Amino acid sequence: MEDSFYEQVFEIARLVPKGRVTSYGAIAKALGAGGSARMVGYAMSNAGIAHPRVPAHRIVNSSGLLTGKFHFSPPELMQQLLEQEGIRVENDKIKDFKRVFWNPLDDL
DNA sequence: GGATTGACGTGTC
DNA sequence: AGACACGCCAATC
């Protein structure tokens, strides 16, 4: 359970620098999962109960859309956190997504 | 052990 | 530009 796929996802998620975001697919690829981007999102479901504080709000889909914002306690929290980090969010979508996008492979 | 699901991704209509 | 369909893979029921 602990050393399952989730752990790896959380690890990458925690590696995301502040003021930066990443996509599920990018994380999946960093794990070697390739196209199993869904597994990353699926793993994030446990993020709330996993390691203290997984910056799940920094994880968005490839479109820069806050797809998982509804999973937060208050769905608006995700956008709030992102804006707090200096990321501009509009209509549940990240502005300048390319600018704030962080590739996990860049840290590896 | 088979069937279902899921915070996705990419392509096509 | 928005909507629909297919594919992928692991965990849960």
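Lettering of chains follows the sequences in order, A, B, ..., and the numbering in each one begins at 1. Predicted model, so just to flag it, every value in this text is computed and none were measured.
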Original post:
Any side-chain heavy atom of A:Glu85 within less than 4.5 Å of one from A:His57?
Top reply: yes
Original post:
Would you call A:Lys69 and A:Asp92 a salt bridge, using N to O less than 4.0 angstrom?
Top reply: yes
Original post:
Can you find a heavy atom in the side chain of A:Ile87 that is under 4.5 Å from one in the side chain of A:Phe97?
Top reply: no
With 3.5 Å as the limit, what N/O pairs link the protein to nucleotides 9-13 of chain B?
unit_1, atom_1, unit_2, atom_2, d
B:dG9, OP1, A:Gly25, N, 3.3
B:dG9, OP1, A:Ser62, N, 3.1
B:dG9, OP2, A:Ser62, N, 2.7
B:dG9, OP2, A:Ser62, OG, 3.4

Original post:
Side chains of A:Leu81 and A:Gln84: closer than 4.5 Å at any heavy-atom pair?
Top reply: yes
Original post:
Quick one: are A:Tyr24 and A:Thr67 in side-chain contact, heavy atoms under 4.5 Å?
Top reply: yes
Original post:
Please give, in whole Å, the distance from C:dT12 P to A:Phe5 CZ?
Top reply: 13 Å
**OP:** Could you check whether A:Ala56 gets within reach of a base, just the sugar-phosphate, or nothing at all, counting any heavy atom under 4.0 Å?
**Re:** base
Original post:
Over how many whole Å does the gap from A:Tyr42 atom OH to B:dT4 atom P extend?
Top reply: 15 Å
Original post:
Hey, does the side chain of A:Asn46 reach the backbone of A:Ala50 with a donor-acceptor pair shorter than 3.5 angstrom?
Top reply: no
**OP:** Find the distance A:Ile94:CD1 to B:dC8:C1' and express it as a whole number of Å.
**Re:** 15 Å
Original post:
Hey, are the side chains of A:Tyr42 and A:Phe5 touching, using non-hydrogen atoms and a 4.5 Å cut-off?
Top reply: no
Subject >> Rounded interatomic separation in angstrom, taking OH from A:Tyr6 and C1' from C:dA11 >> reply: 4 Å
**OP:** Could you check how far CD1 of A:Ile27 sits from P of C:dC8, rounded to whole Å?
**Re:** 21 Å
Original post:
How long is the line joining CD1 of A:Ile59 and P of B:dC8, in whole Å?
Top reply: 12 Å
Original post:
Under 3.5 Å, side chain of A:Asn91 to main-chain N/O of A:Lys93, donor-acceptor pair present?
Top reply: no
**OP:** Look at the side chain of A:Ser36 and decide which nucleotide, out of C:dC9, C:dA10, B:dA7, has an atom nearest to it.
**Re:** C:dC9
Original post:
Just how far, in rounded Å, is P of B:dC8 from CZ of A:Phe97?
Top reply: 13 Å
**OP:** Taking the side chain as every heavy atom from C-beta outward, state whether A:Thr22 and A:Asn103 have any atom pair closer than 4.5 Å.
**Re:** no
Original post:
Rounded to whole angstrom units, what separation is found between the CG atom of A:Leu65 and the C1' atom of C:dA3?
Top reply: 15 Å
Original post:
Near DNA chain B, which residues from residues 76-93 of chain A have a heavy atom under 4.0 Å away?
Top reply: none
Original post:
Base, sugar-phosphate alone, or nothing: which one does A:Ser45 contact when heavy atoms must sit under 4.0 Å apart?
Top reply: base
